[in-house]
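Every number for a ligand or one of its atoms is a count from 1 in the order of the listing.
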Amino acid sequence: MFDPYKIREDFPILKRKINNHPLIYFDNAATSQKPKQVIEAVKEFYEKHNANVHRAVHTLSMEATELYEEAHEEIAKFIGAESMEEIVFVRGTTEAINLVAYSWGLHNLKRGDEVLTSLMEHHSNIVPWEILSKIKGFKVKYADVNPDGTLSQESLEENLTSKVKLVCITHVSNVTGVVNDVKTIAKLAHENGALVFVDGAQSVPHMPVDVHELNCDFLAFSGHKMLGPTGIGILYGRRELLEKMEPFHGGGEMIREVSFNPEKQRCTISWNDLPWKFEAGTPNICGAVGLMAAVKYLRALGMENVKAHECALTDHAMKRLEECPKITVYGPKDVRSKCGIIPFNVEGFNSHDVALLLDSYGIMIRSGFHCAQPLHQKFKIPSSARASFYIYNTREEIDRFIEALKEIEQAL
Ligand code: C6P
């Protein structure tokens, strides 16, 4: 039985009061809270196993290495990857996207090529491609978004010409919670000879995601949005692609051999095996250990149950928001095409003021443009307030949120 009240007992921070109100944390799309199982795993690592990985033969280094490799394996299982060779630890989704831009894009994209993304992307899935396009001369194209925030399939198909070498698309919008049909997009892209990069920052923490089922070539996500520590994220890449790609960063762990040729006064370098070829320097070992605990926690809950819980909360919140006449909600009204994220504005209020007023009730939401300005431009608004839910949120919290919003509505 999925019981959010029981789950809440694992999250020490949820016992806090803020401004004399019990904390209601609705900023989960920005980062999630951490259960004691993750906090304990991090503490235990530093108290008992701390050492560098893959470098020494002593007991502590062996233990740290074993934990670090096991973390890769757990993540591979969690997303249905074939093996841990396909799992590269990075700092987060942003770094994973930059890795693909520079390790794959720099060497495979040229003038005349196109990269197709969309107007609902987070800046992290726009900016690296725009920067690289200035160096390589390819074009970045944007599939349009319908007025309700869903992706325009028509625009996507129109833009998917034979010049497109890579389709970079978010699985779930961090503004509206819209879930894109990436399986169909991947099928269309592959039929057209393009590779598919899926930004899973807002999907992997909230629903079952299987890379084989999606048939994507790359998938990126961040540990901190799925109960794990900050500073650890994942790039999944199909093994054949990762094998052919050049490294992103140079140094340390990613090297097999560096030999100096005195005649040429140069070093010849060969790369380490996957996934270490992409993990230069001392990695975030403890972050990986914490993330492994997070993934075990989520797996025990069942990702189908996580999804169902968040859908039910969203449904309840959307219905209750109809009681607030001064509130405009953006994105689709049908909760079947979205998951637990609700962007809105209150007539007469700036989104930051709404967030500050809610904070006085102990309710944490995000305000601004959520690193997705093109989508806000599309909605013709400068910013929005955003509530986003997770496993420990309850209907009761949503009811308190609605009551607070009703009071705010009356404040003007
Ligand atoms: N979105 C939000 O409040 P990082 O920062 O690298 O862990 O994740 C970047 C990122 C990429 N793609 C999507 C779809 C995202 O939602 C995010 C992070 C946070 O919406 C912080 S801006």
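F89 has its ring centre less than 6.0 Å from the ring centre of Y68. Taking the six-membered ring where the residue is Trp, the centroids of H309 and Y390 are separated by 6.0 Å or more.
Of all non-hydrogen atoms in W104 and K165, the two that sit nearest each other are CH2-O, 3.9 Å. Contact record, R238 with L195: NH2-CD2, 4.1 Å, taken as the closest heavy-atom pair.
Between H123 and F369, the ring-plane angle classifies as tilted under the 30° and 60° cut-offs.
Protein residues with a heavy atom closer than 4.0 Å to ligand 1 are A29, A30, G92, T93, T94, H122, S124, T170, N174, D199, A201, Q202, S222, H224, K225, R366, C371, R386, listed by chain and number.
A salt bridge between K244 and E240 is absent, with no side-chain N of the basic residue lying under 4.0 Å from a carboxylate O of the acidic one.
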